[in-house]
Number of protein chains: 2
Amino acid sequence: MIYTEKRTEQELRKNGFKITPQRRAVIDAIAGSHEHLTPAAIYNRVRREHPSIGLVTVYRTIEVLAGLGLICETHAGGSCRSYLMRRPSEHHHHLICSDCGKVVDFTNCDLDDLESRLVKETRFKINGHLLEFLGQCLECSKIKGR
Amino acid sequence: MIYTEKRTEQELRKNGFKITPQRRAVIDAIAGSHEHLTPAAIYNRVRREHPSIGLVTVYRTIEVLAGLGLICETHAGGSCRSYLMRRPSEHHHHLICSDCGKVVDFTNCDLDDLESRLVKETRFKINGHLLEFLGQCLECSKIKGR
DNA sequence: AGCCAAATGAAAACGATTTTCAATTAGTAA
DNA sequence: TTACTAATTGAAAATCGTTTTCATTTGGCT
């Protein structure tokens with residue numbers, strides 16, 4: 001736990017960010033919870049020990065931490081809700097190029113085993129899933145290399 | 001396709017909702033797409049054929065359809081983003097309750113075979129993936145039934 | 001101690017969604 | 001067919017979460 005906070009600060013420093021009491025407080029709040037916290041929940045926790053902090057600062061700190069991959073975000077960015085007609089079968093998924101945004105569809109995600117395992121373990125009633133692969137398409141790999 | 005629209009109207013009627021041209025238009029728009037559509041995207045499609053419709057009506061129709069389980073909603077309602085400290089053990093995924101927003105983590109997504117298949121077929125360089133299952137947790141299934 | 005870019009907080013701006021309310025309309029009953 | 005009523009609609013305002021702006025403060029360097 002304390003190890004996590006230390007490591008997080010090192011990582012911030014390494015990337016040229018400053019360590020402020022506010023950032024420490026946000027990191028402590030997230031590291032001190034094993035639940036997923038919404039920005040508002042993080043704000044409330046931080047305020048207990050640090051009443052004068054602004055919600056804006058919480059958002060900005062979250063942005064930095066997520067940008068460095070130090071915290072993990074549920075729900076990829078972009079707009080929040082989307083809808084699809086519920087059909088008997090057919091569904092598909094996306095393979096997205098992070099550089100040019102090209103989207104390739106694919107089917108046969110073959111998640112049935114995984115789904116049954118989850119149903120058994122969590123007792124959830126599962127309605128669907130969202131699966132996206134992210135990477136670079138052939139063209140972009142050629143151009144940008146790396 | 002037409003079958004889907006018909007069935008949807010029947011289901012609305014059965015539940016005491018009226019069939020209006022606006023609702024027909026929204027249903028057509030969603031049924032006519034194999035992609036997940038955001039409310040705004042639905043609105044834009046509907047306006048092509050029905051320019052005077054209000055965005056509010058689109059939202060209200062979506063709400064009714066989703067409430068009856070006729071369309072499937074990606075991303076649980078309520079606030080959109082939540083964060084968790086990324087710990088050494090790392091890579092995990094989410095199972096999200098669409099009703100109360102509860103998030104259960106799981107690991108072992110076992111997507112390596114699928115990933116190699118996609119690399120072979122598309123020549124993408126794959127950097128990562130996003131996998132979320134959506135459903136109802138045990139508590140919410142009990143409350144809401146269905 | 002002093003400097004400067006980075007970070008902060010308050011307020012305003014913003015976009016998505018919801019509520020309010022008066023006017024319209026679908027579906028039923030006469 | 002006409003008339004009635006509750007449901008539905010659209011416009012505007014309200015609300016919620018998030019982002020931007022900007023003047024002030026501060027961490028980390030010299």
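Only a predicted model underlies this, so the values are computations on that prediction, with no experimental measurement involved. We name chains A, B, ... by the order of the sequence lines, and we start the count at 1 in each one.
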[atom1] of [X] versus [atom2] of [N]: gap in Å, rounded?
{"X": "Ile42(A)", "N": "dG17(D)", "atom1": "CD1", "atom2": "P", "answer": "14 Å"}
{"X": "Arg23(A)", "N": "dT25(D)", "atom1": "CZ", "atom2": "P", "answer": "19 Å"}
{"X": "Leu55(A)", "N": "dA13(C)", "atom1": "CG", "atom2": "P", "answer": "18 Å"}
{"X": "Lys14(B)", "N": "dG27(C)", "atom1": "NZ", "atom2": "P", "answer": "17 Å"}
{"X": "Ile62(A)", "N": "dT19(D)", "atom1": "CD1", "atom2": "P", "answer": "9 Å"}
{"X": "Asn15(A)", "N": "dG28(D)", "atom1": "CG", "atom2": "C1'", "answer": "16 Å"}
{"X": "Ile53(B)", "N": "dT25(C)", "atom1": "CD1", "atom2": "P", "answer": "14 Å"}
{"X": "Ile27(A)", "N": "dA7(C)", "atom1": "CD1", "atom2": "P", "answer": "12 Å"}

Which nucleotide wins on minimum distance to the side chain of [X], given the candidates [options]?
{"X": "Thr57(B)", "options": "dT19(D), dT9(D), dT8(C)", "result": "dT9(D)"}
{"X": "Lys18(A)", "options": "dG27(D), dT8(C), dT9(D)", "result": "dG27(D)"}
{"X": "Thr20(B)", "options": "dT8(C), dA26(C), dA12(D)", "result": "dA26(C)"}
{"X": "Arg13(A)", "options": "dG28(D), dG9(C), dT8(D)", "result": "dG28(D)"}

Check your understanding: Does any N or O in the side chain of Thr57(B) come within less than 3.5 Å of the main-chain N or O of Ile53(B), such that one atom is a donor and the other an acceptor?
Key ->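 No.
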Check your understanding: Is the backbone of Lys18(B) close enough, under 3.5 Å, to the side chain of Arg23(B) for a donor and an acceptor to pair up by distance?
Key ->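 Checked: pair present.
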Review point. Does Glu11(A) pair with Lys14(A) as a salt bridge, N-O distance under 4.0 Å?
Key: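 Salt bridge present between Glu11(A) and Lys14(A).
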Point to revise | Residues Glu9(A) and Arg24(A) bridged, charged N to O under 4.0 Å | key: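 Counted as a salt bridge, because a side-chain N and a carboxylate O are separated by less than 4.0 Å.
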Review point. Which residue, Ser52(A) or Glu63(B), contacts DNA chain C at a nucleotide closer to its 5' end, judged by nearest heavy atom?
Key: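 Here Ser52(A) is the residue nearer the 5' end.
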Check your understanding: For Ile19(B) and Val56(B), take the nucleotide of DNA chain C holding the closest heavy atom to each; which residue's nucleotide lies nearer the 5' end?
Key ->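 So the residue in question is Val56(B).
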Check your understanding: Would you say dG10(D) has OP1 or OP2 under 4.0 Å from some side-chain N or O of Gln22(B)?
Key ->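 It does, given that an N or O in the side chain of Gln22(B) lies less than 4.0 Å from OP1 or OP2 of dG10(D).
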Exercise for review: Run the numbers on Leu111(B) and Leu114(A) for side chain to side chain contact (heavy atoms under 4.5 Å, CB included), then give the verdict.
Suggested key: CA-CA 10 Å; Leu111(B) 291 170; Leu114(A) 178 53; 5.8 Å; no
Practice item. Tell me what Arg60(B) touches on the nucleic acid: a base, only sugar-phosphate, or nothing, going by heavy atoms under 4.0 Å. Key: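 It contacts base atoms.
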